[in-house]
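Each chain gets a letter, A, B and so on, in the order its sequence line appears, and its residues count up from 1. Owing to the predicted nature of the structure, the values given are computational and were not obtained by experimental measurement.
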Number of protein chains: 2
Amino acid sequence: MEWVYIEDLSDYIGRKVEVRGWLYNKRSSGKIRFFLLRDGTGILQGTVYSPDKEHPLFKVYDELTQESSLILRGEIREDKRAAGGYEMTIDDIEVLQIAEEYPITPKEHGTPFLMDHRHLWLRSQKQHAVLQIRTELVRAIRDFFDGRGFRLMDTPILTPSACEGTTTLFETEYFDQKAYLSQSGQLYNEATAMAFGKVYCFGPTFRAEKSKTRKHLIEFWMVEPEVAFAELADIKRLGEDLIIYIIERVLENSQPELDILERDTRLLEKIKKPFPQITYEEAIRLLNEKGNTMQFGDDFGAPEETLLSELHDSPVCVTHFPAKIKAFYMQPDELRPDLVLGLDILASEGYGEIIGGGQRIHDLALLEEKIKEHKLPREAYEWYIDLRKFGSVPHSGFGMGVERMLSWLCKIKHIRETLPFPRLLYRIYP
Amino acid sequence: MEWVYIEDLSDYIGRKVEVRGWLYNKRSSGKIRFFLLRDGTGILQGTVYSPDKEHPLFKVYDELTQESSLILRGEIREDKRAAGGYEMTIDDIEVLQIAEEYPITPKEHGTPFLMDHRHLWLRSQKQHAVLQIRTELVRAIRDFFDGRGFRLMDTPILTPSACEGTTTLFETEYFDQKAYLSQSGQLYNEATAMAFGKVYCFGPTFRAEKSKTRKHLIEFWMVEPEVAFAELADIKRLGEDLIIYIIERVLENSQPELDILERDTRLLEKIKKPFPQITYEEAIRLLNEKGNTMQFGDDFGAPEETLLSELHDSPVCVTHFPAKIKAFYMQPDELRPDLVLGLDILASEGYGEIIGGGQRIHDLALLEEKIKEHKLPREAYEWYIDLRKFGSVPHSGFGMGVERMLSWLCKIKHIRETLPFPRLLYRIYP
């Protein structure tokens with residue numbers, strides 16, 4: 001008999017098949033026993049009807065505990081009332097294992113307990129839905145870039161030098177020297193962009209930050225496009241297009257999961273491009289009008305990001321930051337050299353920065369000056385400087401944090417639910 | 001004027017466009033000057049014709065050095081003789097930067113020199129072609145799994161325990177404890193497979209191995225599927241299907257790059273499934289017949305893999321390895337408990353192991369026994385043991401090394417060319 005996944009059952013109506021999975025729930029009603037089976041792709045209700053109280057499958061029913069593994073065999077019927085829209089009339093049940101008493105119950109569990117049982121918590125409906133949307137999100141990101149001719153260029157995790165300071169870096173011994181876990185593939189992207197025109201990297205990045213907030217992970221995935229010949233305005237449009245594309249794809253393909261999460265999607269549907277764009281200085285003026293005391297030279301914190309994002313339905317683009325709060329490689333504004341052509345995109349609904357990037361310095365002398373000014377070891381950046389000697393061009397890029405984006409899409413409170421096995425401050429198990 | 005990429009020129013015949021890139025080469029012939037421009041997506045020949053020796057664009061021609069950055073503007077014409085099939089009649093050239101003398105010349109360079117200049121070497125035709133095929137390979141792998149309903153489940157890089165011994169692990173401080181860089185997402189995949197049915201992870205992995213061979217990288221990408229309810233034969237078929245799919249996709253979409261690499265693809269075209277399957281013991285018998293002295297309990301080395309792969313046109317599947325040379329989690333054979341249901345797939349043409357995997361232990365008592373036997377710290381594996389308590393099912397999976405696969409597809413001699421910035425023994429720059 002053919003083994004079929006629940007998500008494919010629509011092709012098997014009226015046919016006898018085998019479905020393999022785990023008991024999600026069971027109930028009885030008079031002469032019927034209902035078996036709810038999950039197989040990872042959906043939930044199927046299987047039924048056994050018998051006037052005989054001693055029916056052997058009734059005994060199986062009595063023995064089965066939550067998460068027991070089993071194979072159901074029987075005929076698939078369409079049934080609008082059933083979860084998923086299909087039902088199986090069970091002929092036969094093969095039990096693989098009666099599960100021990102399952103530790104996760106419908107009652108409230110504390111977060112430490114759930115995180116200790118993350119390997120099982122993943123099976124719960126809401127956790128399952130978030131990670132299912134993650135799968136769609138990642139695929140949407142890749143389709144977006146692949147469809148626009150971007151070349152995937154995997155950048156190394158083990159790096160000899162730091163992109164943005166060393167205090168938040170994980171360090172390791174690399175044979176006879178020190179190496180650090182990458183916080184960004186950007187510098188490497190700049191090299192591959194000069195070879196391939198438009199590139200992206202997409203991999204895990206690391207921040208050894210002692211911050212315990214709802215928005216921070218120690219290890220997270222980031223997608224970073226870089227485009228040769230692109231300037232700030234080009235990369236802003238690319239970021240907008242990416243966000244719009246992701247939202248459309250998730251609304252199109254993940255509605256069942258968004259329903260499980262009770263995500264009100266009307267706010268997502270309202271998002272239109274172009275996104276409102278303000279400069280850092282305009283942002284400060286707006287914040288001060290609202291009573292916030294942020295001053296020129298301060299970085300946005302969570303309260304500032306929330307205030308700014310509440311002004312509009314769509315995400316907000318902030319540009320032209322003070323050079324002194326941004327990285328050494330950022331292109332200064334021509335008329336205001338104290339400002340750089342940086343770009344932050346803040347998600348709506350208070351979810352904070354989802355995109356950070358901007359235009360990079362392409363002038364050799366200026367880059368050399370900035371490396372000196374920031375007291376960076378020139379020899380470590382020799383190759384990066386080379387890119388300004390052999391056909392330098394204006395170029396821009398950004399990074400988008402996958403987990404931040406997913407938190408917003410799902411409107412979940414804590415970023416720890418956006419990865420199967422999140423790495424948090426002091427949390428590395430399981 | 002519209003900025004267009006060279007790979008899209010077929011849509012712009014007869015139109016005036018702008019192409020941005022770098023001077024790849026130039027030549028002159030009487031009253032014509034030829035500019036070969038690369039933009040990362042292709043190479044375009046632009047021409048300037050003039051009877052006037054003092055034509056301003058002739059002066060530009062004289063000044064331009066290799067890899068100078070420029071913008072060409074002019075009309076696109078179809079021209080079968082030109083590289084890429086199109087030519088531009090140049091109206092105007094905007095020079096962004098005259099490049100310094102380019103260090104990589106057509107003459108032979110030593111490998112250390114090229115590796116020190118990897119950020120520029122990437123622009124060379126052959127390096128470009130290999131990485132272009134890498135982009136196609138990665139996309140093919142993702143399309144294969146996504147198309148079959150596998151859920152992408154990113155597994156952590158920072159892990160508290162080791163999958164296969166600690167001698168080849170990179171170690172780092174994780175706040176108050178030690179962490180190691182992951183060598184495999186498999187154990188985590190086993191948890192997500194029980195939640196999602198069929199999953200894969202796809203990310204960088206690390207081996208702090210002091211081996212300096214043509215086949216080893218310190219940091220490499222691995223795709224690892226895991227399927228609940230799958231047994232050895234199922235996972236063997238999955239591996240075959242994956243390899244066949246990748247080859248078909250690369251032959252279909254990467255022919256220009258394979259031509260640049262002068263890859264004879266006839267051997268790839270011959271590959272058919274099912275692949276020949278032999279047991280480890282049969283492999284030893286075959287090797288001994290050929291004069292190789294390998295004995296039961298030895299691991300395959302490069303000479304053995306090469307000998308075995310030469311026996312067939314298609315890759316060879318080897319199964320049923322001695323338990324003592326394999327990992328603790330491998331399912332023993334029912335009739336021969338000294339053997340485990342492992343699976344190695346050896347590429348043809350001597351490229352060695354590209355897939356390694358097999359069936360995992362699903363019995364609780366047996367797993368506990370193996371953990372004890374291998375002297376592993378039980379507390380670190382408590383969550384992994386849990387998976388055998390709550391609806392345990394037979395399950396199987398494997399890992400495929402992307403760079404090994406790419407080396408074979410491109411038939412390149414050294415694996416260092418398969419990544420933009422490879423990490424090798426003592427090599428972490430640039």
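Under the 30°/60° scheme for interplanar angles, the aromatic rings of B:F170 and A:F175 are found to stand perpendicular. The aromatic rings of B:F145 and B:Y200 lie parallel to each other, their planes meeting at an angle below 30°, with 60° marking the opposite boundary. By the 30° and 60° cut-offs, the orientation of the rings of B:F229 relative to A:W3 is perpendicular.
In terms of non-hydrogen atom pairs under 4.5 Å with chain A, the most contact-rich of B:E67, B:E219, B:R123 is B:E219. The candidate from A:D8, A:I218, A:T65, A:I98 with the greatest count of non-hydrogen atom pairs under 4.5 Å with chain B is A:I218. Most heavy-atom pairs under 4.5 Å with chain B: of the set A:T172, A:L122, A:I157, this distinction falls to A:I157. Each of B:V402, B:L120, B:T155, B:L419 has some count of heavy-atom pairs under 4.5 Å with chain A, and the biggest count is that of B:L120. With chain B as partner, the option from A:P156, A:A99, A:S124 having the largest number of non-hydrogen pairs under 4.5 angstrom is A:P156. Residue with the most contacts toward chain B among A:Y102, A:Y426, A:Y174, A:Y5: A:Y174 (heavy-atom pairs, distance under 4.5 Å). Here B:M194 is the residue among B:R388, B:M194, B:E7 with the most heavy-atom pairs under 4.5 Å with chain A. Heavy-atom pairs under 4.5 Å with chain A peak, among B:W221, B:F206, B:F150, B:F202, at B:W221. Interface summary for chain B: among A:A179, A:S69, A:A208, the most heavy-atom pairs under 4.5 angstrom belong to A:S69. Of the residues considered (B:S68, B:P422, B:P204), B:P204 shows the highest number of contacts with chain A, using heavy-atom pairs under 4.5 Å. Most heavy-atom pairs under 4.5 Å with chain A, from the set B:E171, B:E173, B:K210, B:K198: that is B:K198.
Atoms OH and OG1, from A:Y429 and B:T159 in turn, are 13.5 Å apart once rounded to the nearest 0.5 Å. Taking NE2 of B:H119 as the start and CD1 of A:I385 as the end, the distance is 10.0 Å to the nearest 0.5 Å.
Between the side chain of A:H395 and the backbone N or O of A:V393 there is at least one donor-acceptor pair closer than 3.5 Å. Of the possible donor and acceptor atoms, one in the side chain of B:R207 sits under 3.5 Å from a partner among the backbone N and O of B:Q183.
Only the backbone of A:E101 comes within contact range of chain B, with at least one heavy atom under 4.5 Å from a heavy atom of that chain. Contact annotation for B:E190: neither backbone nor side-chain heavy atoms come within less than 4.5 Å of a heavy atom of chain A. Proximity to chain B (any heavy atom under 4.5 Å) is restricted, for A:R139, to the side chain, taken from C-beta onward. Of the atoms belonging to B:D39, it is backbone heavy atoms, and not side-chain ones, that fall under 4.5 Å from chain A. There is no contact between B:L23 and chain A, counting heavy-atom distances below 4.5 Å. The contact between A:S392 and chain B is made by backbone and side chain atoms together, counting heavy-atom distances below 4.5 Å.
Residues passing the salt bridge (charged side-chain N to carboxylate O under 4.0 Å, His left out) test with B:R142: none are found, sequence neighbours excluded. Residues satisfying the salt bridge (charged side-chain N to carboxylate O under 4.0 Å, His left out) criterion with B:D154, sequence neighbours excluded, are A:R134.
Close placement of the A:Y188 and A:W383 rings is indicated, their centers lying within 6.0 Å of each other.
A salt bridge links B:D143 with B:R249: the distance from a Lys NZ or Arg NE/NH1/NH2 to an Asp or Glu carboxylate oxygen falls below 4.0 Å.
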